[in-house]
Amino acid sequence: MKQELALLIRQAVQSAFEAGTLQREDLPRMDLEIPRIAAHGDFSTNVAMTMAASQKRAPQEIARIIIDHIEDPDHLISKSEVAGPGFINFLIAQDKWHEVLRAVHEEDTAYGTSQVGLGKRIQIEFVSANPTGPLHVGHGRCAVVGDTLAAILKAAGYEVEKEYYVNDSGRQIRTLGESVFVRYQQLLGKTLDLSAEDYQGNYIKDLARILLDQEGERLLDMPEEEAVTLCARFAAMKILAGIREDLVAFGVSFGHWFTEQSLYDSGAVEAVIQDLKSRDIIYEHDGALWFRTKDFGDEKDRVVVRANGLTTYFASDIAYHKDKFERNFDQVIDIWGADHHGYVSRVSASIRAFGYDKDRFQALLVQLVNLLRDGKPVTMSTRAGEFVTLREVIDEVGRDAARFLFLLRHYESPLDFDLELAKKQSNDNPVYYVQYVHARISNILKKAEERGYKDIDWHDDFSGILTLPEEIQLIKLMARYPDVVAMSARLMEPHRIPFYMKELAAAFHAYYHDRNKHKVVSDDAKLSAARLYLVSAVRIIMSNGLALMGVSAPERM
RNA sequence: GCGCCUGUAGCUCAGUGGACAGAGCAACGGACUUCUAAUCCGUAGGUCGCAGGUUCGAACCCUGCCAGGCGUACCA
């Protein structure tokens, strides 16, 4: 509808050029938006104001000329007027709105999807927590943002692949092995302590116990090096399995799991280092190998291989991101915790060093989560191994509430997550508010079916029956849904979906509540059919929007 | 010091360069004979951190400052 109207406006400007009533120029930049204030119409454009300077005429005058040149054979517009400093406000013909209702029903689960992504291939990597401990709430936020963003992009016509990068190599894995080995030996009565760098959490003890049950005491007879390696492999595998389970419980799935170790096994890390060395992008200094990231926009050069011969995390990341581009993605997105932001320019630099356009890589930095209980901070210290895991949060507040609340902030804003609030089944909790709409409508449809109304099809009479302002208002809101999804995809901002859902939910609850005026199922068969058609359209959108967020749409509550 | 993010109603937050800046919670006053009150209606609440600039027009863009968070390793 918006596109149709935009076309009419552009044609009007053209025809004003041809008629000579406006001075010919390039088609101006123009916005066509839904005004905040209903009195300003259904759509509003600023085109006359943007043309004012080059035309050297008053915007109101230009607006008038454009309106006079509008040809509208399908009678889309019922009223157009010049307003304020030079806006053109349009009112859409009421029966055009009812066509939206029909589109919702016909497109059903596809309503809201579009092709604005033009099938471009996007890879989105997220969570990617090291397999050295269970997922915590911060990972949970990244998981939901990534998972939902992927769903939104897919709905907008992109081809999306989700990937989890497993850091199963390097020093933190060795530390993990050492920590488990210490606990293992403690279980066998040896007196030794964890060092400060070791992982302190109780889950390390649990892993040592399982290892002991599985392998017996034989690790004590091995050379220490071998025993630590065995502990590391065992622990990383177990922890990764746990992470996968937690993600499944959270409704987050990945198409690919990519391991860091595979980059070493295949020689990819060594190959990129040699390649960059030969091009003098990597150089030696103080016994270490340095990447000239400064030449590619970073603030200083970065170490790739330390003087002790060990590679840094960055080394494998260079090879990893090169690999991503070699897999022919048009766009590569990394979702990281905001505490990694210092890393962005480094990775970006490495991508540019291989000749890829830096705009094809984007890091989304998700701000941290403050966990609260009844408004008071829950103390967490990862080092001491005291933290609330994602699993504990899901178990306590449920997957739907956790996902919805994680999405209810712009990812760039820090998020306060209150465990008590998330559990409350009341006004305070927007999750139930939105889900309740779906349950209520489901119940209406059930009641209607008992009275013989089933599978209502569009009837031309509907546009003459659904004429209350509240009903038109509901339809107008539904018309916006595809735009919301498309914009959410373009700006990569998942929070727009739950905000829209809250708005549609509020409009429905208000409509529903005045049951004397808007009783859906009544003795009037025609009216009942029309209203059932209306509310079931609302249910379709509720169901589609909740599906994007990975939140369930209950039939009853 | 430098870099990234944030600063909007008492609180938590939306807000696409556009017209009178919005919602939820909290506060106050109302609505259950029901297609589910996990709901609705109403009242009140603002120096959009501060100061400049760009623009016909700025919460939004630019510069400076203030405050908070995070980062600033041959750690991950």
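Every chain is numbered from 1, with letters handed out A, B, ... down the list of sequences. Computed from heavy atoms alone, side chains included, the values below leave out hydrogens, waters and symmetry copies.
- A salt bridge does not link Asp418(A) with Arg373(A): none of the charged nitrogens is closer than 4.0 Å to a carboxylate oxygen.
- Ionic pairing of Glu471(A) and Arg531(A) is present here: one or more N-O contacts between side-chain nitrogen and carboxylate oxygen are shorter than 4.0 angstrom.
- Nucleic acid contact class of Asp298(A) (heavy atoms, under 4.0 Å, all strands): none.
- Following rounding to the nearest Å, Asn429(A) (CG) and A23(B) (P) show an atom-to-atom distance of 20 Å.
- Taking atom P in both C2(B) and U63(B), the straight-line distance is 14 Å, to the nearest Å.
- Spacing of P atoms, G24(B) relative to C20(B), comes out at 23 Å, to the nearest Å.
- Here G17(B) sits opposite no nucleotide as a Watson-Crick or G-U wobble pair (both hydrogen-bonding atom distances under 3.5 Å).
- Put simply, Tyr432(A) has no side-chain N or O that comes within less than 4.0 Å of OP1 or OP2 on A38(B).
- Comparing U39(B), A19(B), G15(B) by their closest approach to the side chain of Ala83(A) singles out A19(B).
- Set against U16(B), U39(B), A14(B), the side chain of His509(A) has U39(B) as its closest nucleotide.
- Between C56(B) and G17(B), the distance separating the two C1' atoms is 12 Å to the nearest Å.
- In this structure, Tyr164(A) has its ring center no closer than 6.0 Å to that of Phe258(A).
- Salt-bridge check for Lys423(A) with Glu420(A): passed, with a basic side-chain N closer than 4.0 Å to an acidic carboxylate O.
- A donor atom on one side chain and an acceptor atom on the other are found under 3.5 Å apart for Tyr283(A) and Asp301(A).
- Lys79(A) has a carboxylate O that lies under 4.0 Å from a charged side-chain N of Glu81(A), or vice versa, which qualifies the two as a salt bridge.
- Checked by atom type, the side-chain pair Gln435(A)/Asp400(A) shows a donor-acceptor distance below 3.5 Å.
- Per the geometry, CG belonging to Leu491(A) stands 15 Å off C1' belonging to G17(B), to the nearest Å.
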With B for base contact, S for sugar-phosphate-only contact and - for none (protein heavy atoms under 4.0 Å), nucleotides 70-76 of chain B reads BS-SBSB
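- Using a 4.0 Å heavy-atom distance criterion, Ser345(A) is classed as making no nucleic acid contact.
- When the P atom is compared between C50(B) and A59(B), the two are found 11 Å apart, to the nearest whole Å.
- Close to U39(B), at under 4.0 Å from its OP1 or OP2, lies no side-chain N or O of Arg515(A).
- In this structure, CZ of Arg141(A) is placed 17 Å from P of G69(B), rounded to the nearest angstrom.
- Computed from coordinates, the Glu493(A) CD to G15(B) P distance equals 6 Å when rounded to whole Å.
- Using N1 to N3 plus N6-O4 or O6-N4 for Watson-Crick, or N1-O2 and O6-N3 for G-U wobble, each under 3.5 Å, C35(B) pairs with nothing.
- Within the 4.0 angstrom heavy-atom criterion, no nucleotide atom of any strand lies near Ala448(A).
- Residues Thr45(A) and Lys502(A) both approach RNA chain B. Their nearest nucleotides, taken by heavy-atom distance, put Thr45(A) toward the 5′ side.
- Computed from coordinates, the Arg496(A) CZ to G22(B) C1' distance equals 14 Å when rounded to whole Å.
- Looking at the side chain of Lys519(A), the nearest of the listed nucleotides C35(B), A19(B), C4(B) is C35(B).
- Proximity of Tyr433(A) to the phosphate of C40(B): a side-chain N or O atom is located under 4.0 Å from OP1 or OP2.
- Using the Watson-Crick or G-U wobble rule with both distances under 3.5 Å, G57(B) pairs with nothing in any strand shown.
- Under a 4.0 Å N-O distance rule, the pair Glu284(A)/Lys277(A) does not qualify as a salt bridge.
- Comparing C25(B) with C41(B), their P atoms sit 11 Å apart, to the nearest whole Å.
- Here C11(B) is in the anti range [glycosidic angle more than 90° from 0].
- The same atom, P, is picked in C5(B) and in G15(B); the two are 16 Å apart, to the nearest Å.
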Protein-proximity profile, nucleotides 53-62 of chain B, B/S/- by nucleotide at the 4.0 Å heavy-atom cutoff, equals ------B---
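- Salt-bridge check for Glu197(A) with Arg171(A): failed, with every basic side-chain N at 4.0 Å or more from each acidic carboxylate O.
- Among A19(B), U12(B), A14(B), the nucleotide with an atom closest to any side-chain atom of Arg409(A) is U12(B).
- With hydrogens and angles left out, the side-chain atoms of Ser54(A) and Glu25(A) include a donor and acceptor closer than 3.5 Å.
- Between Lys294(A) atom NZ and G3(B) atom C1' the separation is 15 Å, expressed in whole Å.
- Under the Watson-Crick and G-U wobble criteria, each requiring two contacts below 3.5 Å, nucleotide G64(B) is paired to C50(B).
- Looking at the side chain of Ile37(A), the nearest of the listed nucleotides C40(B), C20(B), G15(B) is C20(B).
- Across all strands shown, A27(B) is found opposite U43(B) as a Watson-Crick or G-U wobble partner, with both distances under 3.5 Å.
- A 3.5 Å limit on both hydrogen-bonding distances identifies G69(B) as the Watson-Crick or G-U partner of C4(B).
- Separating the C1' atom of C11(B) from that of G7(B) is a span of 15 Å, rounded to the nearest Å.
- Here the P atom of nucleotide U6(B) and the CG atom of Leu415(A) are 15 Å apart, to the nearest Å.
- The existence of a salt bridge linking Glu493(A) and Arg496(A) is confirmed by a sub-4.0 Å separation between a basic side-chain nitrogen and an acidic carboxylate oxygen.
- Using a 4.0 Å heavy-atom distance criterion, Phe499(A) is classed as a sugar-phosphate-only contact.
- Aromatic rings from Phe361(A) and His321(A) are positioned such that their centres are separated by under 6.0 Å.
- Nucleotides A21(B) and C13(B), compared at atom P, are 23 Å apart to the nearest Å.
- The separation between Tyr512(A) atom OH and C32(B) atom C1' is 11 Å, rounded to whole Å.
- Nearest to the side-chain atoms of Glu33(A) among the listed nucleotides U16(B), U39(B), C35(B) stands U16(B).
- For the 3.5 Å distance criterion, the side chains of Arg539(A) and Ser442(A) qualify, holding a donor opposite an acceptor.
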